[in-house]
Undergrad: 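Sharing a structure with you now.
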Amino acid sequence: MSKIVFTGIMPALVSPVDRKGNIIYDTVKTLVDRYLAAGVDGFYAVGGTGEGVLLTLEQRKAMAEAAVKANNKRGKVIVHTGAINSKEVIELTKFATEVGADGISSILPSIYFQYNFNEIVRFYSDIAANTDLPILIYANHTGNGVNMTQLLKELLKIDNIVGAKDTRSNYYALWDLKQLNNGDVNIINGPDESLLCGLAMGADGGIGATYGAMPELFVGIYREFRAGNIKKAQELQFQANKLIQTMLTHCGGSIVKPLKEIIRLSGIDAGENIYPAESYTAESSKALTAALDAAGYNWWK
């Protein structure tokens, strides 16, 4: 059976939390429906965009279950189970499996400690032993000092570890991962601003935060690339990058904040910014709106 399980465009979902700390299910359902109508192929829940490590375990469980329920088997839901406490990783992995998620992903064990190769292999092996779902490991820019290609090569020996979400912006390194297992390895591009680069180097799809603000653009990039229309795909990537640059200029340190503000401005309750993140003021929200309008953004129109 092929290890290429996840393909296409998968927005990383925000976690809408109300003032009492509850997940706002109606928002999750509205966003999932909106994104599916735009042509996305699945979702990534409670990762960085979902502020997963800032939520309680119960909030993460609630968000994971909400995403699965809202999706209702229309796309594929990958639940990010990485946590500072490795025991929580296993508990959330088991829970996501029980509620019907389609896949599991996890950041490497805490970057506060330089775990060695064998310890990281053990970490992912333990995740795999507690689910029958396909698993994407996480290739980030730190890598805990471990060679990610060698790590994934070792982990691919485990049946349900299928590949990696690669956020390193090093497309030779992504290509190198894609050479493993004779190419039968599921590699998902991480950086939104260079999705087209990842696809050109062999990525099977992309997971991204800003996909949630402009799903049609990223679906367009993917589809035009697959159709061989590289020039059109490039034009769409440049358009997306202009909007990403605008969001970053008005983000106050985290892309999640303008993403949630865009959702609010479109009339959907995005919930609270998770402490200690600050909320937009009326002035900063107005500045974001004006900048996006100037950049040609039209989701809320």
Side-chain angles (χ1 to χ4, degrees), residues 8-16 27 30-44 47-51 165-167 169 171 188-200 203 205-226 229-271 273 277-301:
I9 296 301
M10 293 165 276
L13 295 170
V14 299
S15 297
T27 296
T30 298
L31 289 174
V32 166
D33 288 347
R34 168 73 177 82
Y35 298 151
L36 286 167
V40 308
D41 302 281
F43 306 95
Y44 194 80
T49 305
E51 300 164 286
K165 177 178 183 281
D166 193 338
T167 64
S169 299
Y171 289 100
I188 304 298
N189 185 78
D192 303 13
E193 68 278 6
S194 49
L195 170 63
L196 184 57
C197 301
L199 295 175
I207 293 169
T210 62
Y211 296 10
M214 48 189 113
E216 289 88 353
L217 276 179
F218 284 100
V219 169
I221 293 166
Y222 179 78
R223 290 181 177 176
E224 295 294 348
F225 175 82
R226 292 299 179 206
N229 301 324
I230 306 303
K231 180 64 176 176
K232 181 61 177 178
Q234 184 188 58
E235 291 173 1
L236 293 174
Q237 181 74 75
F238 288 176
Q239 186 179 349
N241 286 3
K242 185 177 181 181
L243 296 172
I244 291 170
Q245 188 176 58
T246 303
M247 290 174 70
L248 288 170
T249 302
H250 294 267
C251 76
S254 169
I255 199 69
V256 180
K257 289 195 286 186
L259 176 57
K260 280 190 168 181
E261 190 66 14
I262 285 169
I263 291 169
R264 290 188 191 97
L265 290 166
S266 69
I268 303 169
D269 185 1
N273 288 344
E278 297 176 340
S279 298
Y280 273 68
T281 63
E283 183 179 354
S284 59
S285 180
K286 184 178 179 179
L288 172 65
T289 303
L292 287 169
D293 284 343
Y297 187 78
N298 61 6
W299 190 34
W300 52 60
K301 294 186 175 71

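Both backbone and side-chain heavy atoms feed into the values below; hydrogens, waters and symmetry mates do not. Since the model is a prediction, treat every value here as computed from it, not as a measurement.
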Undergrad: Got a sec: does the CD of Glu235 have more than 12 other heavy atoms crowding it under 6.0 Å?
TA: yes
Undergrad: List the residues meeting side chain to side chain donor-acceptor pair (under 3.5 Å) with Thr49, not counting sequence neighbours, and say none if there are none.
TA: none
Undergrad: Quick one: does Ser169's side chain get under 4.5 Å of Glu193's, heavy atoms only?
TA: yes
Undergrad: With a 3.5 Å cut-off and no angle check, do the side chains of Thr246 and Tyr297 form a donor-acceptor pair?
TA: no
Undergrad: For the backbone of Ala282 and the side chain of Ser285, can you confirm whether one donor and one acceptor N or O come within less than 3.5 Å of each other?
TA: no
Undergrad: Between Pro11 and Gly42, which heavy-atom pair has the shortest distance, and what is it?
TA: CD-O, 3.0 Å
Undergrad: Do we see a donor-acceptor contact under 3.5 Å between the side chains of Asn273 and Tyr280?
TA: no
Undergrad: Taking the side chain from Asp192 and the backbone from Thr210, do they hold a donor-acceptor pair closer than 3.5 Å?
TA: yes
Undergrad: Check salt bridge (charged side-chain N to carboxylate O under 4.0 Å, His left out) between Lys165 and all other residues, then give those that pass, not counting sequence neighbours.
TA: none
Undergrad: State which residue, out of Phe218, Tyr35, Tyr222, Phe43, fulfils the ring-ring contact (aromatic ring centres under 6.0 Å, His included) condition with Tyr211.
TA: Phe218
Undergrad: Sort out for me which residue in Asn229, Asn241, Ile221 forms a side-chain contact (heavy atoms from CB on, under 4.5 Å) with Leu236.
TA: Ile221
Undergrad: Table please: side-chain donor-acceptor pairs of residues 249-258 below 3.5 Å, with sequence neighbours left out.
TA:
residue: Thr249; atom: OG1; partner: Gln245; partner atom: O; Å: 2.8
residue: Ser254; atom: OG; partner: Val256; partner atom: N; Å: 3.2
residue: Lys257; atom: NZ; partner: Gly252; partner atom: O; Å: 3.0

Undergrad: Using atom types as modelled and distance alone, determine if a side-chain donor or acceptor of Thr281 lies under 3.5 Å from a backbone N or O of Ser284.
TA: yes
Undergrad: Do the charged groups of Arg264 and Glu261 touch, with an N to O distance under 4.0 Å?
TA: yes
Undergrad: Which distance, rounded to the nearest 0.5 Å, do you find between the CG of Leu195 and the CD1 of Ile207?
TA: 11.0 Å
Undergrad: So, taking the atom named CE in Met214 and the one named CD in Glu216, what distance separates them when rounded to the nearest 0.5 Å?
TA: 11.0 Å
Undergrad: Do Leu292 and Leu265 have side-chain heavy atoms sitting under 4.5 Å apart?
TA: no
Undergrad: Please find the pair of heavy atoms, one from Gly50 and one from Ser15, that lie closest to each other, and give the distance.
TA: O-OG, 2.7 Å
Undergrad: Is any side-chain heavy atom of Tyr44 closer than 4.5 Å to one of Leu13?
TA: no
Undergrad: Report yes or no: does Asp41 contribute a side-chain atom to a donor-acceptor pair with the main-chain N or O of Met10 at less than 3.5 Å?
TA: no
Undergrad: Does any N or O in the side chain of Thr27 come within less than 3.5 Å of the main-chain N or O of Ala270, such that one atom is a donor and the other an acceptor?
TA: no
Undergrad: May I ask you to decide if Leu196's main-chain N or O and Gln237's side chain share a donor-acceptor pair within less than 3.5 Å?
TA: yes
Undergrad: Which pair of non-hydrogen atoms, one from Ala213 and one from Ile262, has the smallest distance, and what is that distance?
TA: CB-CD1, 4.1 Å
Undergrad: When rounded to the nearest 0.5 angstrom, what is the spacing between CD1 in Ile263 and CG in Leu259?
TA: 4.5 Å
